[in-house]
Amino acid sequence: METIRIPRVLQDAARTHRRQGKSVGLVPTMGALHEGHMSLVRMARRENDITVASIYVNPKQFGPSEDLSKYPRDLEADLAKLEKEDINIVFLPDDSLMYPAGFSTRVEVEALSDRLCGAFRPRHFSGVATVVTKLFNIVSPLRAYFGQKDFQQAVIIKRIVKDLDMGIDVAVCPTIREPDGLAMSSRNRYLSEEERAAATIIYRCLSEAAGAVKSGIIQVDTLKKVMREKLMTEPLVSKVDYCSAYDPERLEELEQIKGEALLAIALTIGATRLIDNLLVSVPSST
Ligand code: PAF
């Protein structure tokens with residue numbers, strides 16, 4: 001596994017691989033790698049000749065009140081995990097190389113970035129869009145891999161690829177869960193033992209709502225009530241940012257579920273904000 005820190009060097013290496021007719025897959029990450037990330041890496045390995053993973057904690061996607069300096073970092077363990085998967089290149093840029101003095105471009109995806117998490121984390125998605133666009137331009141991958149847990153992020157990245165004719169195949173891979181259903185996330189490391197146990201409420205709530213949809217409850221007001229009541233049974237939930245059903249492409253809240261819908265939750269337990277989602281579908285009546 002080769003370590004590259006300089007964008008221009010990676011750009012040249014990726015170009016050489018492409019010229020040799022090799023397919024290049026990219027897995028962008030912010031490190032603190034868990035099984036969710038590793039499932040993306042394994043998928044990239046299976047589908048491409050060359051796999052590049054990036055580890056970069058992107059300051060532009062953190063708000064002023066979000067603690068960038070406390071974001072979990074564990075480079076040594078991350079490199080060992082990637083080495084074990086036998087990937088080709090790990091990209092480890094630093095801020096001075098990603099955002100050198102004079103950097104003044106931001107990628108904005110209208111509307112989609114203001115919904116769900118965007119309503120609570122202003123500029124978060126333009127930070128994500130900017131760094132992912134840079135990574136795509138550096139690597140020019142054939143395929144790029146993201147997790148379904150960050151569903152809104154994946155929708156926004158697909159939009160960028162389409163709008164800017166990037167010709168990259170964006171794969172959205174299933175959420176990897178702990179045995180008790182909690183979606184794997186680097187942020188789970190922030191949870192105390194008690195909070196970790198409480199966090200299972202998210203998946204239990206989503207599963208109950210999915211069950212309700214299956215049993216014929218398709219009015220979103222009713223589903224929201226079911227979900228809120230379930231969340232309120234957990235005293236350690238201090239804040240619910242959203243919990244409802246959304247159109248999976250436009251990310252607008254639905255009134256009624258017809259066809260596919262995204263059940264999504266964002267809440268805070270202790271000081272940790274967690275998100276999760278499930279896709280459900282109601283067969284459209286003929
Ligand atoms: O999902 C993440 O870890 C980040 O948002 C990403 C896509 C690596 C961009 O910094």
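One-based numbering, in listed order, for ligands and for the atoms of each.
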Check whether more than 12 heavy atoms from other residues, nucleotides or ligands sit under 6.0 Å from atom CD of E249, and answer yes or no.
no
Tell me the contacting part of I157 for ligand 1: side chain, backbone, both, or neither, using a 4.0 Å heavy-atom threshold, strictly below.
neither
Using a strict 4.0 Å cut-off to heavy atoms of P28, name the atoms of ligand 1 that fall inside it.
8 (C)
With Y99 as partner, the option from T105, T130, N58 fulfilling side chain to side chain donor-acceptor pair (under 3.5 Å) is N58
As an exercise, identify every atom of ligand 1 less than 4.0 angstrom from a heavy atom of V131.
9 (C), 10 (O)
With no hydrogens and no angle check, just 3.5 Å: does a side-chain donor-acceptor pair link N188 and R196?
no
Using a 4.0 Å cut-off to any heavy atom of M30, which atoms of ligand 1 qualify?
3 (O), 4 (C), 8 (C), 10 (O)
For Q153 and ligand 1, does the shortest N/O to N/O distance drop below 3.5 Å?
yes
So, Q148 and N277: side-chain donor and acceptor under 3.5 Å apart, yes or no?
yes
Any N or O of Q61 that comes nearer than 3.5 Å to an N or O of ligand 1?
yes
Determine yes or no for a side-chain-to-main-chain donor-acceptor pair under 3.5 angstrom, with T51 supplying the side chain and G25 the backbone.
no
When the ring planes of Y242 and F120 are compared, do they come out parallel, tilted or perpendicular, using 30° and 60° as the limits?
tilted
Atoms in ligand 1 flagged as close to T29, the criterion being non-hydrogen separation under 4.0 Å:
8 (C)
